[in-house]
There are 2 protein chains.
Amino acid sequence: METIPKKNCSTDHEEVRRVNTVTIKDVAAAAGVSVGTASRVLSGNPATSAASRERVAAAVERLDFHPNAQARSLRSTRTRTIGLLVSDVRNQFFADLAHAVEQAALEHGYAILLGNANEREDQQDRYLNTLISQRVDGIILAPQGDGNGVIRSLLRRGIPTVFVDRTVDGIDLPSVTTDSVHGIRQAVAHLAGQGHTRIGYIAGPQSISTGRDRFTAYNQAIADNRLPKDPALVYFGDFQAASGSAGVRVLLNLDQPPTAILAADSPMAAGAVAMLHRMGSRIGTDIALVAFDDIEWFALLQPALSVISHSVEDMGRAAVDLLLQVIDGGTPESIVLPSELIVRASSSTPNHPGSVSGLRKN
Amino acid sequence: METIPKKNCSTDHEEVRRVNTVTIKDVAAAAGVSVGTASRVLSGNPATSAASRERVAAAVERLDFHPNAQARSLRSTRTRTIGLLVSDVRNQFFADLAHAVEQAALEHGYAILLGNANEREDQQDRYLNTLISQRVDGIILAPQGDGNGVIRSLLRRGIPTVFVDRTVDGIDLPSVTTDSVHGIRQAVAHLAGQGHTRIGYIAGPQSISTGRDRFTAYNQAIADNRLPKDPALVYFGDFQAASGSAGVRVLLNLDQPPTAILAADSPMAAGAVAMLHRMGSRIGTDIALVAFDDIEWFALLQPALSVISHSVEDMGRAAVDLLLQVIDGGTPESIVLPSELIVRASSSTPNHPGSVSGLRKN
DNA sequence: CGTTTCCATGGAATCGTTTCCACGATATGA
DNA sequence: TCATATCGTGGAAACGATTCCATGGAAACG
């Protein structure tokens with residue numbers, strides 16, 4: 001009974017479901033070595049002879065052996081897997097980020113478990129629990145919420161985690177973020193230079209660090225440029241497209257509507273564009289528009305959109321670098337990447353001809 | 001020695017790295033039951049008393065226990081994980097697809113391992129090997145190549161796999177695809193109705209099923225509309241943006257350039273738009289443009305782009321449905337989703353005023 | 001030639017679950 | 001009242017790798 005392993009019990013008989021469960025034991029047998037030796041060869045342990053290396057390699061090839069990652073990491077407590085949790089891959093920014101992270105991780109032999117929080121904390125927490133159960137080696141997180149949910153569990157368990165794009169107040173973890181201040185200051189100065197005095201702002205949610213940071217930067221820049229501060233010029237959106245549209249509608253219906261609008265992320269900017277079209281307001285002529293986040297589509301619009309650009313590629317790579325350092329027991333410094341205004345046609349027509357110190361379109 | 005488990009050996013002593021490795025054994029002890037009982041409670045096995053259910057639940061809560069997915073699936077041979085392999089998440093279509101798949105999978109308790117093949121077969125094969133090692137319960141694959149790589153291994157091993165968006169000739173797996181024929185026929189008929197006789201086509205790679213299908217549909221539609229067949233009007237791209245730009249450049253430099261262009265996917269259409277702008281050709285006036293794939297950005301362009309639309313949401317959900325059926329041992333039929341032309345301004349200006357049977361812009 | 005060192009090796013314990021099996025208690029039937 | 005079915009339970013054997021430990025043989029040294 002026990003001498004014949006159950007693998008052989010279904011020869012060609014009925015169907016071949018779940019056949020081919022080749023284990024390291026089979027490889028060892030085929031190579032004529034012990035499982036210990038086979039394991040050492042497979043994991044590149046130098047304590048192996050050329051002979052057994054060769055024979056094991058041949059057996060692996062012949063049997064099409066793929067080591068069981070579960071068993072491997074159960075014993076070794078490493079999964080070679082990292083979790084990436086973003087708010088929505090449909091947001092081009094996060095898609096680009098996911099791609100960058102995934103490629104960087106791949107280079108280091110890590111696979112990515114991807115999750116979408118859909119800008120909701122409960123979904124984030126649900127995913128984090130999954131990642132904990134999966135025993136990922138580390139987590140790259142664009143966080144939601146105030147850090148009172150499962151994020152605390154991560155800390156308590158000492159699971160290597162880094163924040164990307166966003167941070168959470170009161171949670172001290174390495175992060176890769178963008179310095180919004182410089183880009184937004186440039187944008188406001190640029191618009192002011194074009195003669196705009198009423199610059200509307202479609203803000204992100206104040207529960208998210210980037211939403212707060214960019215709003216603060218906007219207020220600061222308004223003050224620095226000695227522009228009148230008018231709370232009515234600010235619309236609070238949720239970083240999603242529909243709220244960009246809503247923001248435009250509200251702002252344009254003001255008694256004194258803005259002559260320029262700055263949107264705090266790309267989906268809201270897209271929503272804004274859609275609504276401006278629908279309302280018949282010509283971008284770059286009737287109203288100037290600048291978006292935070294640089295995604296390729298903005299350059300294709302007519303007129304092309306001015307943007308505050310930051311390198312999502314760098315952000316992804318840096319996040320992986322940081323995480324790997326944490327996994328190796330380090331405590332790396334957080335990284336702040338720069339942002340930079342790119343002026344295009346959507347904002348380069350002066351508002352009041354005559355009051356201008358001109359910046360040119362590119 | 002053996003009576004005190006090693007967890008307790010580092011009390012508050014030095015540092016708390018990798019503390020809190022709570023196992024089901026700890027839960028069982030805390031609840032005063034055996035590990036068997038604890039396991040049954042956790043997995044919802046009905047053979048448990050209300051009393052132990054209660055006590056175990058309390059212990060789980062108190063110890064913040066997260067079952068080790070590795071150990072669990074090592075024993076049970078189920079990982080509750082499915083692999084999704086697309087060619088590039090930065091492509092909005094695949095980002096939308098990934099989101100749909102991920103949400104549908106989540107509803108069924110599955111997590112997603114995401115991979116980017118970057119339109120390259122070697123990266124696809126590399127990822128497939130990872131997925132095999134991870135023992136994912138199933139794979140949703142937008143395949144590359146001719147099916148002679150690792151895809152064969154999937155079949156041999158009987159790993160539940162479905163194709164999405166694309167298929168591979170000679171590999172008989174359930175799939176969810178789009179019927180390109182209808183949409184493309186509509187598009188060509190529409191353009192012909194506008195008076196266009198020279199309709200350029202920026203094709204996808206013929207190594208990919210969607211590239212072939214759509215090209216065939218284009219040829220068929222050209223013939224059906226009794227338009228002159230001119231091989232020079234076809235440019236073969238690679239489904240990426242740069243090749244869309246290249247295609248436009250080539251087509252517009254013909255002795256007899258086309259008056260309308262159909263692009264076989266959205267990145268190439270984006271590239272085409274960029275190049276048309278650069279060459280000063282006004283879309284919707286100088287040249288008509290229609291894109292396969294409906295992504296929200298196309299509606300924001302001025303003029304808005306006519307598209308051949310298909311529901312990526314449906315595609316994602318259907319793929320998950322199919323895969324779950326395969327995992328349950330079924331052999332579901334493949335699904336073909338419809339495509340539909342949406343006419344917008346980019347194609348609704350008649351080419352030769354006077355020859356028209358008018359379709360109106362919406 | 002004997003002793004030590006070194007190195008590759010085989011065997012066994014282990015990781016944290018699930019699942020099988022046997023058992024004792026209780027409820028049910030005759 | 002005794003036999004039988006039912007049910008929850010504890011204990012132990014898997015699952016497939018890694019890793020520790022002891023060992024045997026070859027090489028190196030005296």
Side-chain angles (χ1 to χ4, degrees), chain A residues 1-2 5-7 18 20-56 59-60 63-81 132-135 137 157, chain B residues 1-2 5-7 18 20-56 59-60 63-81 132-135 137 157:
Chain A
M1 281 291 143
E2 249 287 288
K6 54 187 167 312
K7 283 142 210 163
R18 287 298 180 205
N20 202 0
T21 310
V22 181
T23 77
I24 200 174
K25 208 178 278 184
D26 303 318
V27 171
V33 299
S34 72
V35 295
T37 301
S39 170
R40 279 182 286 262
V41 169
L42 287 170
S43 54
N45 189 319
T48 50
S49 69
S52 37
R53 249 172 285 153
E54 202 169 289
R55 311 194 54 181
V56 169
V60 165
L63 301 178
D64 192 26
F65 170 69
H66 291 250
N68 183 316
Q70 266 73 40
R72 194 191 276 248
S73 52
L74 173 59
R75 181 59 230 251
S76 64
T77 68
R78 309 198 53 192
T79 57
R80 307 247 79 184
T81 287
I132 293 175
S133 271
Q134 292 289 341
R135 301 293 192 269
D137 291 342
R157 296 173 153 257
Chain B
M1 281 290 145
E2 247 288 288
K6 56 187 165 312
K7 281 140 211 162
R18 286 298 178 206
N20 201 1
T21 308
V22 180
T23 75
I24 200 174
K25 209 179 278 184
D26 302 317
V27 172
V33 299
S34 72
V35 295
T37 300
S39 169
R40 278 182 286 262
V41 170
L42 287 170
S43 54
N45 188 319
T48 50
S49 69
S52 33
R53 249 172 286 153
E54 202 169 290
R55 311 195 54 182
V56 169
V60 165
L63 300 178
D64 191 27
F65 169 69
H66 291 251
N68 183 317
Q70 265 72 39
R72 191 189 278 245
S73 51
L74 173 59
R75 180 60 230 244
S76 63
T77 68
R78 308 198 55 194
T79 57
R80 307 247 81 184
T81 286
I132 293 174
S133 270
Q134 292 288 342
R135 300 292 192 270
D137 291 342
R157 296 174 154 256

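The chains referred to below are lettered A, B, ... by the order of the sequence lines, with proteins before strands, and numbering in each begins at 1. In this text, all values refer to a predicted model and were calculated from it rather than measured experimentally.
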Between [N] ([atom2]) and [X] ([atom1]): distance, integer Å:
| X | N | atom1 | atom2 | answer |
| --- | --- | --- | --- | --- |
| K25(B) | dT18(C) | NZ | P | 14 Å |
| R78(A) | dG16(C) | CZ | C1' | 19 Å |
| R72(A) | dG16(C) | CZ | C1' | 18 Å |
| L42(B) | dT17(C) | CG | P | 9 Å |
| D26(A) | dC15(D) | CG | P | 11 Å |
| Q134(B) | dA17(D) | CD | P | 13 Å |
| L74(A) | dT18(D) | CG | P | 11 Å |
| Q70(A) | dT14(C) | CD | P | 23 Å |

Please report the closest heavy-atom contact between [X] and [Y], naming both atoms and the distance.
| X | Y | result |
| --- | --- | --- |
| R135(B) | P67(A) | NH1-O, 3.7 Å |
| V27(A) | F65(A) | CG2-CG, 3.5 Å |
| V33(A) | A38(A) | CG2-N, 4.1 Å |
| D64(B) | R157(A) | O-NH2, 3.0 Å |
| A47(B) | R40(B) | O-CD, 3.9 Å |
| T21(B) | D26(B) | O-OD2, 3.8 Å |

DNA chain D nearest-nucleotide lookup for A38(A) and G36(B): closer to the 5′ end is G36(B)

Judged by nearest nucleotide, the residue sitting upstream toward the 5' end of DNA chain D, A69(A) or G32(B), is G32(B)

**Q.** Check: R80(B) and R72(B) side chains under 4.5 Å, non-hydrogen atoms
**A.** no

Query - Side-chain touch Q70(A)/T79(B), heavy atoms, less than 4.5 angstrom - result: yes

Any side-chain N or O of [X] below 4.0 angstrom from OP1/OP2 of [N]?
| X | N | result |
| --- | --- | --- |
| R75(B) | dT19(C) | no |
| T23(A) | dG16(D) | no |
| T37(B) | dG10(D) | yes |
| S39(A) | dT18(D) | yes |
| S76(B) | dT18(C) | no |

Among [options], which is the nearest nucleotide to the side chain of [X]?
| X | options | answer |
| --- | --- | --- |
| A47(B) | dG8(D), dT18(C), dT9(C) | dG8(D) |
| I24(B) | dA17(D), dG10(C), dT17(C) | dT17(C) |
| F65(A) | dC15(D), dT17(C), dA17(D) | dA17(D) |

Partner of dG30(D) under the Watson-Crick or G-U wobble criteria, both distances under 3.5 Å, comes out as dC1(C)

Which part of the nucleic acid, if any, lies within contact of S52(B), taking any heavy atom under 4.0 Å across all strands shown: a base, the sugar-phosphate backbone alone, or nothing?
-> sugar-phosphate

Applying a 4.0 Å non-hydrogen cut-off, can you work out what S49(B) is touching in the nucleic acid: base, sugar-phosphate, or nothing?
sugar-phosphate

Whether each nucleotide of nucleotides 21-27 of chain C has a protein heavy atom under 4.0 Å at its base (B), only at its sugar-phosphate (S) or at neither (-) is summarised, 5' to 3', as -------

